[in-house]
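Here the structure is a predicted model, which is why all the values come from computation and not from measurement. Residues take their numbers from the sequence shown, with the count starting at 1. For the numbers below, each heavy atom of this structure counts, side chains included, while hydrogens, waters and symmetry mates do not.
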Amino acid sequence: MAQLSRTLFRAIEDSHLFGHTQLTAIDWLIMLLYFAFVLGIGFALKRYMKTSKDFFQAGRALPAWICGLAFMSANLGAQEVIGMGASGAKYGIATSHFYWIGAIPAMVFVGIFMMPFYYGSKARSVPEFLRLRFDEKTRALNACSFAVMTVFSSGISMYAMARLIQTLHIFDGLFVALGLPLGWIFHFSMLLSAVIVLGYIFLGGLTSAIYNEVLQFALIIAGFLPLVLIGLHNVGGISGLRAALPTAYMHSWRGMEHASTNPLGVDAFGLAMGLGFVLSFGYWCTDFLVIQTAMATDTQENARRVPLIAAIPKMFFPFLVIVPGLLAIAATTPHNVTTQTVVNGTIVRETQVVSKAEAEGRGLVPAKTDPITGKIVLDASGKPELDYDLAIPSMLLHYFPSGLLGLGLTALLASFMSGMAGNVTAFNTVWTYDIYQSYLHKGASDQHYLKMGRWATVGGILLSMVTAYAATGFNNIMDTLQLVFSFVNAPLFATFLLGMFWKRTTGNGAFTGLIAGTAAAMAHHGLTLPIEAHPGLHGGWIAVLHTYPSDMAQNFWTAIWAFSANFVVAIVVSLFGTPKPESELVGLVHSLTPKTVSAERIWWKRPEALGALLIVMVVALNLIFR
């Protein structure tokens, strides 16, 4: 008698990429060891936090190489790892411009020219430097705008981490067991990251943040280098990657003659002026988030070296964080797969049903879903938006086995928390020194301000949680960050440029210029909109007078308008005012300050020589990948 054949069908409901990748004990162990280590650093440093200088400035006693790695790692948060991978998938190798013209030249400039002013003035923060150069109202305006920017940046890192945890279904089992809705995982994940970062910053201050940033740097190398090598091997090397992608994706400068002929959606002038000059110099030269790490070193000579040391690994990071984005978009898009086997005479068919988000995505980049409702997000033309922020997590889950997966995920989590921590330490310093001590409670004891700094850390974390929800409206956190920078850093750079190199600039000119620059940024954003975007967070909230090919193109031009308005208004107002006496500007204006003489006698060890070498190297990279 023939054995009865039965056909079994099992639909696997979970995502092909995410649901089938289970975290093993070794993966959990690696992540738990990292969390224990970062909190341990905070507890170990708590006994050394005796004064406000120890807490806010790391005692200005750390070595240059530690501060150099932290200087780069302060920018190595979610925006660098997830954001650059997302931009690599969205815009191609042109994303390298954020490094080779959008970072290295500015890092050389701040190390050679600006760091002597910051360190030599003994200012405890960037807003305090503005008070010394200009006046109190300019300091107050910058302190308030910077405080807002830091909580937005920290919130973006928090959002990215919560989104990752939700996507990986890490806590699904726990929530099902407790009978809680799975939609709460997003909120729980944000709370978890907030508690961990709060713990080690509350205890160890800036020193704790710096040492954790150095640890994060090592984790990024260990976690992402194997990802790039494995990914390239699977697509057939560089030649296979080129064959799988549009030609424009593999060139950084080709097609820059016009905004419509390259994935970035910006022409050469907009790129060079918007990113290469305004946004890059505005960030690296004025953002206290990174400046504070250089000012934590022990001497002015070392403070000049810090950005230059950081620029060396920074130059090669596109190969670690952008290439995975290219590999994700070049991969085969997942589809339902049915396999048939015979077990003891029984035909067993198993069908792996990929999620709707994956099926409507491209490569390993899924369509964007609303984190609360779970529905696919559509653009203005009715097409599903791609969730580029998931390019890196998708790559990790697709290629990494157990153990290596834990290391890769730990590197991601470290980048998120490092980004949060750097912004929160900058926030608590500016709040305590430039707002609370200056305007709300003058003349208190040093211990009082130390306690206030710790409670400001709590406040910064809470505000970051609020701003994290605003980031859900973007499908690329790098777009979000560049928008914030165009509003804050772009006009501020014009103020610094005039203040440091034109002694005629007045406090009224600087203050009015900042107001005009920020207003110009708001007006430009409110009157323009990227193609296929809805009016609102992406712009067009006043009226749509012009459209841009991409969010990034709009950000670059917003920065250009903000910088130009600030620059012109500050000059005009200053010409009708009275500048400070030259005696008060020594050490604050380049032409009135004695030239910095390097203590290093060997010429090739001097900051100037290292800076020149870095410029030659970055020019070579632009030519190679043009």
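- The residues Glu608 and Arg304 are annotated as salt-bridged, a charged nitrogen and a carboxylate oxygen being separated by less than 4.0 angstrom.
- Counting non-hydrogen atoms of neighbouring residues, nucleotides and ligands closer than 6.0 angstrom, the CZ atom of Phe37 reaches no more than 12 such neighbours.
- For the pair Thr293 and Glu213, the minimum side-chain heavy-atom distance is below 4.5 Å.
- Applying the 6.0 Å contact sphere to CE of Met522 captures no more than 12 heavy atoms from other residues, nucleotides or ligands.
- Aromatic rings from Tyr433 and Phe56 are positioned such that their centres are separated by under 6.0 Å.
- Using modelled atom types, no side-chain atom of Thr138 and backbone atom of Phe134 make a donor-acceptor pair closer than 3.5 Å.
- Checked against a 6.0 Å centroid threshold, the rings of Phe117 and Phe129 do not count as neighbours.
- Formation of a donor-acceptor pair under 3.5 Å by the Asp298 side chain with backbone atoms of Ala61 is not found in this model.
- Between Phe224 and Val81 the shortest side-chain heavy-atom distance falls below 4.5 Å.
- No donor-acceptor pair closer than 3.5 Å links the side chain of Thr518 to the backbone N or O of Ile515.
- With Ser280 contributing its side chain and Leu275 its backbone, the two residues share a donor-acceptor pair below 3.5 Å.
- Summarising the geometry of Ile41 relative to Ser208, their closest heavy-atom pair is CG2-OG, 3.9 Å, with the distance given to 0.1 Å.
- Panel note: side chain Tyr118, backbone Cys285; a donor-acceptor pair is recorded below 3.5 Å.
- Aromatic ring centres of His97 and Phe556 lie farther apart than the 6.0 Å criterion allows.
- Between Lys314 and Met107 there is a side-chain heavy-atom pair separated by less than 4.5 Å.
- Residues Phe563 and Phe277 bring their aromatic ring centres within 6.0 Å.
- Judged by distance alone, the side chains of Asn428 and Thr457 do bring a donor and an acceptor atom under 3.5 Å apart.
- Taking the six-membered ring where the residue is Trp, Phe487 and His525 present perpendicular rings, their angle passing 60° and hence far from 30°.
- Contact check for Thr429 versus Gln57: no side-chain heavy atoms found under the 4.5 Å cut-off.
- In this pair, Phe427 and Trp431 present their aromatic rings parallel. The plane angle is below 30°, not in the 30 to 60° band.
- Within a 6.0 Å radius of CZ in Phe152, other residues, nucleotides and ligands contribute 12 heavy atoms or fewer.
- When atom types are taken as modelled, the side chain of Gln292 and the backbone of Arg124 share no donor-acceptor pair closer than 3.5 angstrom.
- Within the 4.5 Å cutoff, no side-chain heavy atoms of Tyr200 are placed close to those of Leu203.
- Between the side chains of Ser486 and Thr558, no donor-acceptor pair is found at a separation under 3.5 Å.
- Taking every heavy atom of both residues into account, Met115 and Ala294 meet most closely at CE-CB, 3.6 Å.
- In summary, the aromatic rings of Tyr449 and Phe55 are positioned with their centroids too far apart to meet the 6.0 Å limit.
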